[in-house]
Amino acid sequence: MRYIFGPVPSRRFGKSLGIDIIPRKKCTLNCIYCQIGKTTDLTIQRKPYIAVNPVLKELKKILGSPPKADPPVTEKVKIDYLTFSGSGEPTLNSNLGKIISKIKKITEIPIVVLTNGTLLYRKDVRNDLMKADIVAPSLDAILNFKRINKPHKKLNIKKIINGLLSFSKIYPGKIWLEILFVKNINNSFKEVIALKKVVQKIKPDKIHLNTIHRPPAEFCIKPLKYNELLKIKKILGGPSEIILDKKHIETDIKKLNISEKILKILYRRPMRLRDIKAIIGINRKDILKELWLLERKKKISFQNNWWSRPLKRL
Ligand code: SF4
C-alpha cells in the first residue's frame with residue numbers, strides 16, 4: 001500500500017483509514033511544530049501529484065470490492081472515517097475532488113479532509129472539498145501566523161482568513177477547526193482574542209484545541225500545560241474542546257527515550273524508516289536497533305517497508 005495507511009486510532013476521528021495523496025513534505029507551510037519534519041518542498045502549486053486510479057485501486061482492495069480473495073479489513077476493524085492526511089498538504093493535489101467523488105461511489109464511510117486551509121482562497125480548492133463530509137482546517141494564529149506556520153512567501157493571513165470565510169459560507173458539511181498552541185508563540189491573550197474574532201465569523205461546528213505532544217520539527221519549542229489550554233477554552237467559548245488528556249499533554253517529549261519517541265510518532269500513523277529518521281534525527285543504525293527491539297517486544301510491526309503500531313482488532 002502506497003497511498004492508504006492504517007486504520008490508525010485517532011482522538012478526533014476514531015478508527016481512521018488514512019489516504020495520503022501528496023509526496024512527502026510537500027506543503028504550503030513549514031510549521032515549527034510539524035510532526036513529520038521540516039517541509040522540503042514549500043509550494044503553493046497545485047498539480048496532479050498522484051493519480052486517481054492507483055489510490056482507488058488500493059482503497060477497493062482494502063474495502064473488499066474486487067479483488068475479493070482476502071477478507072476485507074472492514075470485517076476485522078471498524079473504520080469510522082476515511083481521512084485525507086499524511087505527508088503534506090492534501091489540497092495541493094489537483095486530483096483531490098475527483099478522488100473524493102470516486103470514493104463516494106464505492107463506500108458510505110464518511111470522508112474527512114485534514115487541511116491547513118491555506119489554499120481555500122482558490123475556487124477550485126473550495127469546489128474539490130464540497131463532497132467531503134468533514135473538512136478539518138487548522139488556524140493557529142492571526143498575529144503570529146508567520147512565526148508559527150512559516151508560510152510560502154505568496155501566502156498571507158488575510159488571504160487565508162478570506163478563503164476560510166468564503167468556504168464556510170458555501171460548504172454543506174461540517175467544519176472542525178483545529179488550533180495548535182505553542183508556548184510563548186500563539187498563546188498570548190491578544191492572540192487568543194484575535195483568533196476568537198475570526199473563529200466567530202467562520203462558525204465552525206467544532207473547535208479542537210491542541211498542543212505539541214509528539215516530537216516536533218523544531219525541538220526548542222514547548223507545549224502548553226493543560227490548565228493553560230483550559231483558560232484558552234474559556235476565552236474562546238463556543239464549541240471548543242481540548243482534544244488531549246492531561247497525561248498526554250504533560251509528558252515532557254524531551255525526556256522521552258528513543259523508543260518512547262518512536263512509539264509516540266507511530267501512534268499517529270505508520271511510517272517508513274527514512275521518515276522516522278527525519279523526525280528523530282539520529283543515525284539510521286541506532287533507529288533500526290530500537291525498531292527491531294520494539295518489534296521483538298511486539299509493540300510495533302513491520303510490513304512492506306512500513307513500521308506501525310498494531311491496532312487492536314475489534
Ligand atoms: S501544514 Fe501540516 S504538514 Fe504542513 S508543515 Fe504544517 S503541520 Fe506540517
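Remember, it's 1-based here, ligands and their atoms both numbered in the order they're listed.
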- Task: Classify the ring geometry between His208 and Phe13 as parallel (under 30°), tilted (30 to 60°) or perpendicular (over 60°).
- Result: perpendicular
- Item | hydrophobic_cluster_shared for Ile179 and Leu143, side chain cutoff 4.5 Å | no
- Just by distance, with hydrogens left out, do Thr43 and Asp41 show a side-chain donor and acceptor under 3.5 Å apart? no
- Note on the structure: Here the salt bridge (Lys or Arg N to Asp or Glu O under 4.0 Å) pairs for residues 188-207, sequence neighbours left out, are none
- Item | Pairing residues for Lys47 by the side chain to side chain contact (heavy atoms under 4.5 Å, CB included) criterion, not counting sequence neighbours | Gln45, Tyr49
- Item | Partners meeting salt bridge (charged side-chain N to carboxylate O under 4.0 Å, His left out) with Glu58 (sequence neighbours left out) | none
- Under 2.8 Å from atom 8 (Fe) of ligand 1, which protein N/O/S atoms are there? Cys34 SG
- Item | Within-cutoff protein neighbour (heavy atom, under 4.0 Å) for atom 4 (Fe) of ligand 1 | yes
